[in-house]
Amino acid sequence: MQKYSIFSLVKNAFSNHENWDLAWKDPTPKNEYDVVIIGGGGHGLATAYYLAKEHNITNVAIIEKGWIGGGNVGRNTTIIRSNYMHDDNALFSEFGMDLWRKMSQDLNYNVMFSPRGIINLAHSDAQMNVYARRGNSMRLNGIDAVLLNREQVKEIIPMADFSENVRFPIFGGLMQPSAGTARHDAVAWGYARQADSMGVDIIQNCEVIGFDVSSGKIQGVRTSRGNIKAKKIGLCVAGSTNILAEKLNMTLPIETHLLQACVSEPVKPVLDKVVTFGAGHFYISQSDKGEMVMGGDLDGYNSYAQRGNLPTLQHVLTEGIAMMPFLSKLKMLRTWGGIMDMSMDGSPIIDKTHIEGLYLNCGWCYGGFKATPASGWTFAHTIAQDRVHELNAGYSLNRFNTGHLLDEKGLGTKTWIS
Amino acid sequence: MLHIKCPHCGMRSQNEFSYGGDASVKRPELGKEVTDQEWDDFVYNRKSLRGKHWELWQHLSGCRQWIKIERDTATHEIFNTLKANEEIS
């Protein structure tokens with residue numbers, strides 16, 4: 001594989017950049033693989049990469065109905081963080097932060113990881129107490145957390161509304177300085193390019209039609225491009241999890257919902273942090289191109305539409321304007337939607353299933369993008385070793401049966417229903 | 001924006017309604033011995049169908065009644081609405 005560097009850039013400039021190698025091949029599917037990963041999104045591509053890199057398993061195919069990186073890895077708001085209170089979430093996410101820091105070097109692909117920090121705003125004394133508790137839990141797990149008072153927040157984000165007569169005054173906030181953003185498409189492409197170079201087949205335009213299961217063991221997958229035998233199959237299909245589960249006669253603690261995001265027209269640099277509104281659900285950052293990148297609540301009812309409705313967008317942006325009034329002057333450039341695999345306790349599932357050789361990776365809710373490297377790494381381990389790693393032991397499928405819910409928000413089941 | 005025909009009030013905007021999830025889920029009968037699996041299916045497990053889906057909505061900013069709606073989860077087309085006590089045929 002051609003290495004990307006300043007030298008290869010200069011060298012290719014002499015031939016008008018017409019002789020670059022393809023970043024990944026377009027193979028026809030083989031009859032049989034050791035492992036088939038279904039879903040060519042961030043998590044699927046990362047899983048294949050770590051299967052090859054960490055476990056030396058390279059007879060692997062990724063099959064994708066559309067094109068790689070066309071789902072949620074291309075539709076998110078690129079936020080990366082590990083500001084969780086519960087140990088399982090905190091340790092998993094912080095492991096991921098370490099992979100994020102090394103990712104551009106590791107993949108020889110600039111993912112533009114930008115650890116600019118995230119601030120969760122607090123709008124009451126009670127919320128400050130909750131954030132103090134969460135911040136302390138984070139620090140006990142080795143994650144950086146700083147509790148900011150009103151004056152300190154004002155110094156960092158003076159464009160927020162600090163006037164006296166507001167419905168939700170800013171009392172302070174919890175900051176994770178090491179959190180940030182990354183260029184989401186580059187993450188998918190970087191993993192794809194490296195996985196391909198180590199022998200993984202990336203098979204696009206290949207829809208799953210059904211599965212072959214006999215005597216409790218997975219035998220293979222039937223696709224629109226023929227039957228493929230596989231010793232092991234991993235599902236990494238986010239919002240399409242329920243559709244594939246139905247083909248396996250499984251009913252999962254997952255509902256598929258629609259989440260919208262949007263960007264404004266590009267403006268000069270104004271915001272160098274990720275900021276979340278604490279009295280509702282709204283988050284914002286500014287991209288390198290200058291667009292304000294914003295998102296918030298789910299549309300609120302089961303949806304596979306991959307595009308949203310206006311009432312939710314209006315609700316979300318009302319929160320944004322309450323937090324940062326200058327946003328009302330901006331024009332909207334684009335809005336879009338993606339379909340989320342909402343788990344019943346708000347935490348993901350990375351586990352084996354009752355079918356031998358079938359592995360499940362789903363339930364990412366709002367937080368799939370930031371989990372990409374850690375999810376791929378632990379899912380690869382789970383598949384290769386046929387047992388969960390201690391980092392994803394808490395993300396078991398049967399926790400809903402045993403009552404060991406990972407309820408980060410402390411709201412009980414269906415935390416995302418408003 | 002969805003337009004929902006409330007069986008009590010007629011056609012109204014989506015803004016007046018709140019969502020209550022899959023209407024085909026039945027609470028296990030009172031007084032009956034219930035297995036863990038039955039509780040799981042009631043509390044957590046959902047088919048989350050792509051296509052026609054019967055679901056509960058509440059006309060929160062209207063008559064405040066719970067109603068049942070048959071809606072396509074991919075196109076948002078609404079085929080049917082029923083009162084809460086009417087059975088899905």
Side-chain angles (χ1 to χ4, degrees), chain A residues 237-258 297-315 337 339-346 349 354 362-363 397-403 405 407 412-418, chain B residues 1-6 11-28 34-62 66-81 88:
Chain A
V237 294
S240 302
T241 301
N242 291 97
I243 298 173
L244 291 193
E246 196 188 353
K247 296 182 196 300
L248 288 155
N249 293 321
M250 290 167 75
T251 313
L252 296 171
I254 303 270
E255 262 186 22
T256 299
H257 282 255
L258 188 114
D297 270 323
L298 298 172
D299 269 25
Y301 40 87
N302 292 36
S303 177
Y304 286 92
Q306 281 195 313
R307 57 176 188 164
N309 269 337
L310 276 176
T312 303
L313 202 59
Q314 188 178 28
H315 170 76
I339 50 174
M340 307 293 125
D341 36 338
M342 304 305 292
S343 72
M344 292 291 162
D345 62 356
I349 296 162
H354 70 283
C362 62
L397 177 57
N398 78 349
R399 69 176 185 270
F400 299 92
N401 188 277
T402 59
L405 298 189
D407 182 6
T413 182
K414 302 187 197 73
T415 53
W416 31 266
I417 274 198
S418 51
Chain B
M1 165 110 55
L2 303 180
H3 289 102
I4 298 172
K5 190 178 168 193
C6 172
M11 197 66 89
R12 296 299 176 95
S13 114
Q14 169 194 341
N15 287 337
E16 296 185 9
F17 295 83
S18 74
Y19 185 64
D22 189 337
S24 69
V25 176
K26 289 259 189 302
R27 193 182 197 283
V34 181
T35 64
D36 285 357
Q37 187 59 47
E38 283 170 315
W39 273 123
D40 274 8
D41 289 341
F42 170 62
V43 181
Y44 300 120
N45 293 332
R46 295 291 180 270
K47 290 206 171 81
S48 195
L49 300 173
R50 186 182 199 279
K52 287 187 178 183
H53 185 242
W54 276 102
E55 53 204 19
L56 293 168
W57 289 72
Q58 189 188 11
H59 195 181
L60 197 67
S61 308
W66 283 91
I67 59 172
K68 290 175 188 166
I69 297 180
E70 187 185 33
R71 183 181 60 93
D72 190 308
T73 56
T75 65
H76 299 328
E77 186 181 349
I78 293 173
F79 305 98
N80 252 315
T81 50
I88 299 165

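Naming convention: chains lettered A, B, ... in sequence-line order (proteins, then strands); numbering from 1 in each chain.
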Quiz prompt | chain B contact via A:L313 - which portion, at a heavy-atom distance below 4.5 Å | solution = neither
Quiz item: For A:L252, is it the side chain, the backbone, both or neither that has a heavy atom under 4.5 Å from a heavy atom of chain B?
Solution: backbone
Spacing of [atom1] belonging to [X] relative to [atom2] belonging to [Y], to within rounding of 0.5 Å:
X      : Y      : atom1 : atom2 : result
A:I243 : B:K47  : CD1   : NZ    : 15.0 Å
B:S48  : A:H257 : OG    : NE2   : 6.5 Å
B:R71  : A:S303 : CZ    : OG    : 6.5 Å
A:M344 : B:D40  : CE    : CG    : 11.0 Å
B:T73  : A:L258 : OG1   : CG    : 11.0 Å

Exercise. Return the option, out of A:T256, A:T312, A:T251, with the maximum number of heavy-atom pairs under 4.5 Å with chain B.
Key: A:T251
Practice problem: Can you sort out the partners of B:P28 under side chain to side chain contact (heavy atoms under 4.5 Å, CB included), two or more places apart, ordered by chain and number? | Solution: B:V34, B:W39, B:F42
Exercise. For B:S24, enumerate each residue passing the side chain to side chain contact (heavy atoms under 4.5 Å, CB included) test, keeping only those at least two apart in sequence or located in another chain.
Key: B:D22
Quiz item: Between B:Y44 and A:N401, do the side chains contain an N or O donor and an N or O acceptor separated by less than 3.5 Å?
Solution: no
Quick check: closest heavy atoms across [X] and [Y], and the distance to 0.1 Å?
X      : Y      : result
A:A305 : B:H76  : CB-NE2, 3.6 Å
B:N45  : A:P253 : OD1-N, 3.3 Å
B:Q14  : A:N309 : OE1-ND2, 3.7 Å

Practice problem: Decide if atom CD of A:E246 counts as having more than 12 heavy atoms of other residues, nucleotides or ligands within a radius under 6.0 Å. | Solution: no
Exercise. Using a cut-off of 6.0 Å, state whether more than 12 heavy atoms not belonging to B:L60 lie near its atom CG.
Key: yes
Quiz item: Taking the side chain from B:R46 and the backbone from A:N242, do they hold a donor-acceptor pair closer than 3.5 Å?
Solution: no
Quiz item: Relative to the ring of A:Y301, is the ring of B:W57 parallel (under 30°), tilted (30 to 60°) or perpendicular (over 60°)?
Solution: tilted
